[in-house]
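Structure, as structure tokens:
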Amino acid sequence: MARTAIEFRNVSKQYANTSQYAVTGVNMRISEGSFITILGTSGSGKTTLLKMVNRIYEATSGEILYFGESIKNLKIEEYRRKIGYVIQQVGLFPHMTVEENIGTIPQILRWDTDKIAKRVEALLELVCLPPRDFKKRYPRQLSGGQQQRVGLARAMAADPDLMLMDEPFGAIDAITRQNLQEELIGIQRKLNKTILFVTHDVSEAFKLGDKVMIMHEGKIQQFDTPYGIISKPANEYVARLIATQDIVQRLKVLKAQSVMLPVDAQVSDRAFRVGTEESLHNILTYFLEHDQNHVLVEDCGRGVVGKITWEQLKVSTRQGKILSA
Amino acid sequence: MINESIAYLLLNIDKYYEAVMVHIEISLAALAVSFMIAVPLGIWCSKNGSVSYSVINAFTILRIIPSLAVLVIAMPILGTGFVPALFALTLLAIPPILINTYSGFRNIDPFVLECAAGMGMNAGKILLAIEIPLAMPLILTGLRTSATEVIASATLASYIGAGGLGDFIFTGIGMNDVRILLIGGMSVALLSVLTEVSLTAVQHMVTKYQRD
Amino acid sequence: MITYLLRYYDQMLILLLEHLYLVCLSLIISLLLAIPIGLLIARSKWLSTAALSFFGVVYSIPSLALFSFLLPAFGLGKMTAIAVLVIYNQYILVRNTVTGFQSIDDSIIEAGYGMGLSSRYMFFKIQLPLALPIILGGIRIATVSTIGIATIAAVIHAGGLGVLLFDGLRMNYLPKILWGTILSSLLAYLANHLLLSFEAKAIEKARGECRGDTV
Amino acid sequence: MIKKISGLRMFLLLSMAAVLLVVTGCTSNSASSDQAKENKVTIKAGSKDFTESLILGELYSLALEHAGYKVERKLNLGSAIVHNSLINGDIDFYPEYTGTGLLTVLKEAPKFDSKEVYQEVSAKYKEKFKLIWLEPSAANDSQGLVMRKRAAEQYQIRTISDLQKHASQIRFASQGQFDERSDGLPALVKVYGSFDFKDRRLYDNGIKYDVLHNDKADLAVAYTTEGELSKDEFVVLEDDKHVWPPYNIAPVIRQEVVEKHPEIKDILNKVTAKLDNKTVIRLNAEVDIKKREYNEVAKEFFNTIK
């Protein structure tokens with residue numbers, strides 16, 4: 001069982017000079033290594049919730065625990081250095097090169113120069129920026145997508161356990177955003193970081209999150225897996241939110257894994273095989289194009305683990321639709 | 001001290017009134033002349049990249065010359081009184097308006113101009129309906145800077161017989177009489193603040209479209 | 001004019017040096033005052049507006065009058081002159097210091113604190129270098145205007161190049177006036193140039209510009 | 001970046017230090033005369049801010065230096081503050097005019113005999129301010145009103161009474177303080193009646209003759225030993241109702257200074273004795289018309305009398 005990385009205990013936040021609460025009575029646990037997306041419209045309290053974690057905002061009441069310890073008792077700067085922080089505007093230091101930006105925290109932590117240089121190179125590789133070309137550049141010599149990649153690398157410089165990301169891809173064009181999303185998933189798989197990711201984009205939230213937290217009016221409306229939310233929206237608000245996505249869109253965020261029927265490992269069917277992460281959207285496309293009525297789901301390493309039929313796809317799609325209507 | 005100043009003021013109210021009028025007159029004249037020179041020049045510079053650099057540089061250098069020096073040096077050439085003072089103050093007032101007009105025009109989004117041209121406006125229409133209104137806030141900022149400087153520097157014009165509130169300061173210094181000094185100094189400061197406030201109000205009106 | 005120069009170059013040199021002394025000393029004092037004031041008031045929108053309006057009003061008092069107002073307090077000579085110059089400089093320097101720090105993109109500050117940088121580190125390594133171009137711009141404008149206003153300080157017996165101008169006026173003698181003008185303008189021009197080069201370097205640094213290799 | 005700031009600071013500091021060195025070096029050089037004797041007493045010399053006073057201040061300073069004193073020059077002070085500077089001890093002496101002492105400082109009624117005026121001011125100064133008037137000069141630099149000869153002839157103005165009658169046709173170039181000073185226009189108004197000038201403008205004292213010459217004004221304030229008055233173009237109006245007392249020149253010195261160093265009296269008196277109207281006008285003209293530096297003119301003259 002994974003440890004609890006962050007726990008909220010009845011956390012509320014009220015800004016000065018306002019009577020309304022931005023966040024009210026939030027209780028939840030986030031286990032280590034999970035990728036949580038926080039979804040909501042502007043003013044829903046999602047960003048406030050995120051920023052209370054690294055104490056950019058202080059909670060008005062309640063308590064936030066970091067691996068069991070109240071964050072109020074931790075030395076703020078040392079605590080923040082253990083958390084990677086990525087924001088939409090990136091906030092790179094314009095007067096420092098890419099290398100210096102990424103190396104800021106390691107330098108403060110007094111790593112030796114060699115180690116820092118190696119770390120910077122490794123991180124640049126990780127975010128798909130060839131170090132040789134990019135190390136010495138200044139932020140204004142980078143495109144928006146490249147800047148955010150550097151922002152990501154900078155946030156990971158000191159190998160934080162937790163990453164907070166506030167709409168990091170919000171200002172980036174659609175194609176670059178797709179690439180970045182996929183890279184982020186890859187990085188998370190590889191490094192097993194705990195990530196809290198705020199977004200207002202429903203498909204982004206469903207695509208990235210192991211679990212999605214839907215916020216509205218300062219409260220958590222539902223906190224569940226994408227499939228759980230689509231198949232059983234907790235209330236009217238959530239239902240309406242996901243209904244705004246058309247069926248095809250919704251199929252894009254549902255993974256083969258979530259609807260397949262388990263089968264025995266020994267199947268010698270020559271049907272088309274897909275991965276457990278394959279979206280239902282692609283499977284539907286396959287059915288329509290090839291006049292087939294089932295595919296097999298394969299997990300790398302374990303062989304075939306399940307089966308999806310045309311009928312079943314229809315049922316799960318309708319189920320989602322009926323429940324959300 | 002304030003009471004004594006006021007007593008002196010009441011005793012010399014005619015002189016004071018005239019000095020204020022002359023001060024306003026000379027400042028307004030200098031501002032008007034420099035506005036009429038600097039705005040067209042600024043527009044022209046913004047459209048002629050190659051000359052703009054040297055014109056703006058030349059005026060920046062002119063601006064560096066201390067105003068006292070401009071005044072004193074203008075005197076043997078232009079004589080005494082209103083004309084050399086106007087000349088010196090105009091020279092002082094041009095650079096801020098010029099530079100702000102230039103950057104006001106330069107800052108206009110080229111797409112806006114493209115749109116306007118695409119809608120079939122000719123160059124004159126674009127200038128009047130689009131460019132000038134968009135550059136106006138910055139031009140007015142320049143005018144404000146110039147106004148403050150001109151009003152304060154107009155006091156120096158007293159040395160060469162141009163009159164104005166400088167007469168009080170000038171006499172006050174000669175007599176070492178703080179009453180007279182206070183009248184002169186405070187009036188100029190007040191005049192300058194009033195100008196600033198009213199120009200800010202105008203600027204507010206002109207930039208209405210920038211607020212929601 | 002040249003005869004005048006050849007005859008009195010030594011006196012002119014002394015006046016020039018006096019002028020430099022006035023300008024340098026008042027600039028140093030101004031900076032020592034203005035930077036902390038600017039930092040203090042930059043934190044509050046209300047405070048900075050109030051303080052800047054106040055300095056703005058003071059700035060609009062004609063120098064001739066301000067020199068004489070301060071005569072009773074500081075007496076004749078350089079003290080009063082320096083006091084006046086320092087007072088005038090506050091407007092420009094404080095304004096630019098405040099603008100310099102307020103113009104830094106909020107996201108940079110948030111990212112910095114979010115990363116766990118200390119306030120000290122943030123100030124010296126991030127905020128100061130980014131605000132520096134605007135602060136240096138203020139110093140440059142203040143220097144040029146100080147050189148100009150310092151000429152008027154001759155009225156209160158503070159010496160400097162203004163002596164040439166006022167003596168020229170008293171004697172109604174053109175070469176003296178011209179030399180006063182030339183020397184003070186030249187001084188202002190050189191100072192402007194020198195500080196502009198510092199400023200250009202600071203801008204380059206703050207914006208992160210390198211030679212040539214922009215994308 | 002931090003390095004650069006400190007570089008700038010360093011530069012400023014260094015240049016300041018250099019300036020300081022040079023300035024102090026220069027002033028001390030010029031102050032120490034070539035024949036400094038055993039007494040290194042420093043005397044602070046003052047003067048008013050117009051040509052004549054500057055020349056005289058320098059002249060007296062040179063005489064003291066010649067006698068082995070160190071002199072700290074605080075010349076070029078505003079007429080209105082020089083008396084206070086003397087009382088405060090900012091300066092030890094300055095050349096003053098007997099008439100000014102009588103009317104402006106003591107605010108007494110005008111008197112017209114040179115000797116009488118001198119006796120009154122020296123007695124009252126000693127009693128009131130502990131200040132000593134040294135011997136007065138023969139030169140009399142009275143106040144006056146000057147017109148361009150042509151304008152004077154045109155309106156047939158010879159005296160101030162004539163002027164009062166024609167005031168409404170006359171443009172007056174004042175210099176500010178004359179309109180306010182008790183021995184200026186207010187004194188004239190008291191004796192001659194009001195002057196309703198056609199036009200009244202302020203000009204710097206230095207350019208008044210230019211203003212008259214260029215026909216920007218008809219009338220200006222004059223001091224009767226001014227160099228320009230040697231020109232035929234200008235005429236001084238007769239003070240027919242005697243508003244102005246004589247204005248003889250004498251150094252006014254602080255009593256304690258004279259008591260400590262009695263020989264200063266003789267040193268300065270020797271200089272004053274050489275000052276008659278002709279000499280003073282000539283010295284003024286050297287500066288105001290030939291545009292030479294006052295200290296040079298003073299030095300040249302001193303070399304002929306030492």
Side-chain angles (χ1 to χ4, degrees), chain B residues 1 23 57 60-77 80 92 144-145 147-149 151-160 164-166 168-170 172-178 180-197 200, chain C residues 19 53 56-72 76 88 91 141 143-156 160-162 164-170 172-193 196:
Chain B
M1 180 112 77
H23 204 98
N57 257 3
T60 316
I61 292 171
L62 275 185
R63 193 183 185 191
I64 282 171
I65 303 176
S67 39
L68 177 67
V70 176
L71 216 55
V72 172
I73 213 158
M75 188 189 65
I77 304 157
T80 52
L92 187 73
R144 247 170 57 195
T145 312
T148 309
E149 285 184 20
I151 291 171
S153 297
T155 49
L156 293 176
S158 260
Y159 277 105
I160 57 168
L165 286 163
F168 284 83
I169 295 172
F170 193 31
I173 291 176
M175 299 280 297
N176 194 29
D177 189 332
V178 182
I180 309 177
L181 256 177
L182 263 178
I183 294 173
M186 288 300 145
S187 305
V188 174
L190 193 70
L191 208 58
S192 159
V193 170
L194 284 178
T195 312
E196 176 91 18
V197 169
T200 310
Chain C
H19 207 86
S53 314
V57 171
V58 174
Y59 190 71
S60 65
I61 300 175
S63 46
L64 211 51
L66 200 56
F67 275 123
S68 346
F69 285 150
L70 294 186
L71 264 187
L76 270 179
Y88 276 129
Y91 177 62
I141 298 169
T143 308
V144 171
S145 84
T146 301
I147 292 172
I149 299 172
T151 56
I152 299 168
V155 179
I156 53 156
L161 292 169
L164 285 177
L165 291 173
F166 278 103
D167 273 8
L169 188 62
R170 176 171 56 73
N172 194 13
Y173 184 36
L174 194 58
K176 239 177 158 165
I177 298 175
L178 276 177
W179 277 115
T181 311
I182 291 171
L183 287 178
S184 50
S185 310
L186 200 68
L187 196 60
Y189 178 76
L190 290 178
N192 192 44
H193 223 68
L196 210 55

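Heavy-atom basis, side chains included; hydrogens, waters and symmetry copies ignored. Lettering follows sequence order; numbering is per chain, from 1.
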Go through it in stages, so that I can follow the logic: the residues are B:Leu92 and B:Val70, the test is side-chain contact (heavy atoms from CB on, under 4.5 Å), and I'd like the CA-CA distance, side-chain angles, deciding distance and then a yes or no.
CA-CA 9 Å; B:Leu92 187 73; B:Val70 176; over 6 Å; no

One pair to check against side-chain contact (heavy atoms from CB on, under 4.5 Å): C:Ser60 and B:Ile151. What are the steps and the verdict?
CA-CA 8 Å; C:Ser60 65; B:Ile151 291 171; over 6 Å; no

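Per-residue heavy-atom pair counts under 4.5 Å with chain B were compared for C:Ser145, C:Pro62, C:Gly148, C:Ser184, and the maximum is reached by C:Pro62. Contact count against chain C (heavy-atom pairs under 4.5 Å) is highest for B:Leu181 among B:Leu156, B:Val193, B:Val188, B:Leu181. Listed options C:Ile61, C:Thr151, C:Val58, C:Asn192 were ranked by heavy-atom pairs under 4.5 angstrom with chain B; first place goes to C:Thr151.
When atom types are taken as modelled, the side chain of B:His23 and the backbone of B:Thr155 share no donor-acceptor pair closer than 3.5 angstrom. Panel note: side chain C:Thr181, backbone C:Ile177; a donor-acceptor pair is recorded below 3.5 Å.
Taking the side chain as every heavy atom from C-beta outward, C:Phe67 and C:Ile149 approach each other to under 4.5 Å.
Only the side chain of B:Ile169 comes within less than 4.5 Å of a heavy atom in chain C; its backbone stays farther off. Both the backbone and the side chain of B:Leu182 come within contact range of chain C, judged by heavy atoms closer than 4.5 Å.
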